Amino acid sequence: MDRSSILRWVVIFAAIVLIWKVVLPKFTGSSDKGQVLPQEVYVNAPGFAPDIVDPGASLEKPDDGEICTIKSDRFEATFASRGAGLMHLRLQGAQYMGPDGPFDLSTTPDIERWRSLRTLFRGPNADDQVQYDRFPWKLEPRSANEADQQSCTFSYDDGTVRIVKAITPSVRPFELDVTTTVTNLATTPKKHRFSIGAYAFRRNHEIKGSLGRVSPFQTELSCAAGSEVVRKSKDDFKAGSITVAGADRYAAVTSHYFAQAIMPEPGDGAIAETPTCEILAEEWLAAGQAHDADDAAAVYHAKLVYPTQELASQASVTYRQSAFFGPKERDVLANAGGGHSKLGDLINLGFFSPVAKFLVGVLVFFHDKITFGNWGIAIILMTICLRILLFPLTFKSIKVTIGMRRLKPEVDALNEKFKDDPQAKNLAMMELWKKNGVNPFGGCLPQLVQMPVWFAMYTTLQTAVEMYHTRFLWFTDLSAPDKFYILPFLLGVFMIIQQRIVPQQGMDPVQQKMMMYMMPAVFTVMMLFLPAALGVYMLTNSILGITQQLVVERIAPSSKGPTSPTKPTSIAKQANGKPGKGSQI
């Protein structure tokens, strides 16, 4: 491809982007319109002071009432009687320790209506059992029972209904069991609709990526019903919330490394239907603030909404859920909720997820069985195995490159001879390649076959919580960029070496020089922002590529000597209307 062709394609691409971003919105309407949602309306019990939250003003925080704490070896959770919701969930262990202390999974500790595990009991035509949306809960004292020492139990009783909400740590890591019992104390049947949710608050600058790296705080909402998993990002909620019926697995708010998921469990037999999953990313903007401003925010809601229940006088119903609040460690997710919820689906590995899951399995095997807990060496070993596995395809590509290089003098001669006749030059080159058994496009297919592996590896290493705060060599965190910039520099140097050993064929010297330095420069800049784990893979892959190239060049069988540069001219003559002697097409 000559320089004029490259310039032409660049112009075409720029024109497409301009039409897409500027011209089409003039006719179809901009996709950046603000979100329109119905206003939330709550009925508050007398004496209950609601949060006063305004995006453009400071928070006015009422008293949280009584505080209850649950501690385990993996987390410490704090609940308040105000709302009976989660204030803080701090992860335990050195891996999740930050500069300000343990990582807190709660992003809304001061706002009662956005606290995870908050429960509501009213809905359309189901509001006579409980008079209020928000009311004062009472923290029940812990009994002498050892199991009760790590539980938080809240209650509410107004003479017509009694609600008891118990939160206890599960035997499984990062899980809480939530049990809510509603008893009708009235003399007539009453209706209610139970819901429980998880929430997260993120500003735009937190979820923005940079030069190939997706922000680890980019947030996704998901519902799982049977084998179906519905995943939505912030921009999917312009028209309001999205519901998925029959959500028998989970409703979740997730980022790259962490998740809040609520999993329904069977009740006491009175609940015949599964809940509905309801998700929403609610824009939270100050007056006049653009929704794409860096400081603009969104509140992410994921709720399980149960069918309306009618209770006879003195009847009760119990709702049970398991709540997973923690890092997306694969072995933990596999057993979460007893295994039936299949929380492994919370790890979104993208389009090539089957390949990515295989690579994860290989990586975990090396980590557990070969390297004795060293993730960096596990990445290197996996990269070596991938190179060996894909070597037949790589070998074919390298042979094509060697064949093209051997014909370079003849190609240069044809370029000079037919520099003013592109059609004749192309025909002559095709004849040259055919006579020497070289297919310049033969190296493309192997590269395309390897692309799923490359994309899967990119996704795997960029989303693996196993790399979070994990040390290797001089890296203090394999999930973060190299803060000393050594890795990007080394990657750039080795890519230049690789370009020198394997120069791009079919380009003039100016284009070859541009490619030799442009691609390494692009990847070097990208590695300033990408996780070090991905850089370890790319650097190892580059070194192995250079090694393979040098070895293959020594052992590759010699092809026939190239034909003289004058022979293909018969094709060129035929292209100009003058048949060449003995020419074949």
Side-chain angles (χ1 to χ4, degrees), residues 1-18 208-216 376 379-380 383 386-387 390 394 397-398 400-401 404-405 408 440 443-444 446-448 450-451 453-462 467 472-475 477-550 553:
M1 184 181 290
D2 55 29
R3 278 172 288 183
S4 62
S5 297
I6 294 176
L7 180 61
R8 182 165 57 251
W9 281 108
V10 169
V11 172
I12 291 173
F13 177 76
I16 292 173
V17 172
L18 182 66
K208 282 186 177 179
S210 55
L211 284 179
R213 188 189 187 192
V214 179
S215 168
I379 293 172
I380 293 172
T383 309
L386 283 175
R387 269 285 175 178
L390 298 174
T394 308
S397 296
I398 294 176
V400 170
T401 302
M404 292 287 290
R405 193 185 306 170
K408 190 175 186 303
C444 297
Q447 298 295 334
L448 290 175
Q450 295 180 62
M451 284 185 68
V453 177
W454 295 336
F455 281 113
M457 182 63 73
Y458 173 84
T459 305
T460 298
L461 293 181
Q462 187 161 250
M467 309 300 159
F472 178 63
L473 298 178
W474 66 88
F475 311 117
D477 184 357
L478 280 174
S479 71
D482 179 7
K483 62 182 180 181
F484 299 111
Y485 308 117
I486 297 173
L487 187 59
F489 174 77
L490 288 177
L491 182 62
V493 168
F494 277 97
M495 289 189 71
I496 290 174
I497 294 173
Q498 192 170 14
Q499 291 285 343
R500 283 185 175 275
I501 294 175
V502 195
Q504 297 292 323
Q505 303 300 320
M507 296 184 179
D508 61 36
V510 174
Q511 291 173 336
Q512 285 189 3
K513 189 173 182 180
M514 180 179 68
M515 291 298 296
M516 183 177 295
Y517 294 105
M518 179 182 293
M519 292 303 293
V522 169
F523 277 92
T524 298
V525 172
M526 287 180 63
M527 272 314 307
L528 296 174
F529 305 94
L530 292 174
L534 188 60
V536 171
Y537 161 72
M538 294 173 67
L539 180 60
T540 305
N541 201 45
S542 184
I543 294 172
L544 292 174
I546 293 171
T547 305
Q548 279 188 353
Q549 179 71 27
L550 294 175
E553 290 209 32

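The structure presented is a predicted model; accordingly, all values stated were derived computationally and were not measured.
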Given side chains that start at C-beta, do those of P488 and D482 come closer than 4.5 Å, heavy atoms only?
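P488 reaches D482 side chain to side chain.
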Name the one of I379, D477, L478 that satisfies side-chain contact (heavy atoms from CB on, under 4.5 Å) with F472?
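The side-chain contact (heavy atoms from CB on, under 4.5 Å) with F472 is passed solely by L478 among I379, D477, L478.
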Considering only distance and modelled atom types, tabulate donor-acceptor pairs under 3.5 Å from the side chains of residues 533-544, sequence neighbours left out.
unit_1: T540; atom_1: OG1; unit_2: V536; atom_2: O; d: 2.7
unit_1: N541; atom_1: OD1; unit_2: R387; atom_2: NE; d: 3.0
unit_1: S542; atom_1: OG; unit_2: Q498; atom_2: OE1; d: 3.3

Which atoms form the tightest heavy-atom contact between F475 and A532, and what is the distance?
CD2-CB, 3.8 Å
Of all heavy-atom pairs linking P531 and S479, the shortest is CB-O, 3.6 Å
Let me confirm one number: the CG-OG1 distance from L487 to T524, rounded to the nearest 0.5 Å.
9.5 Å
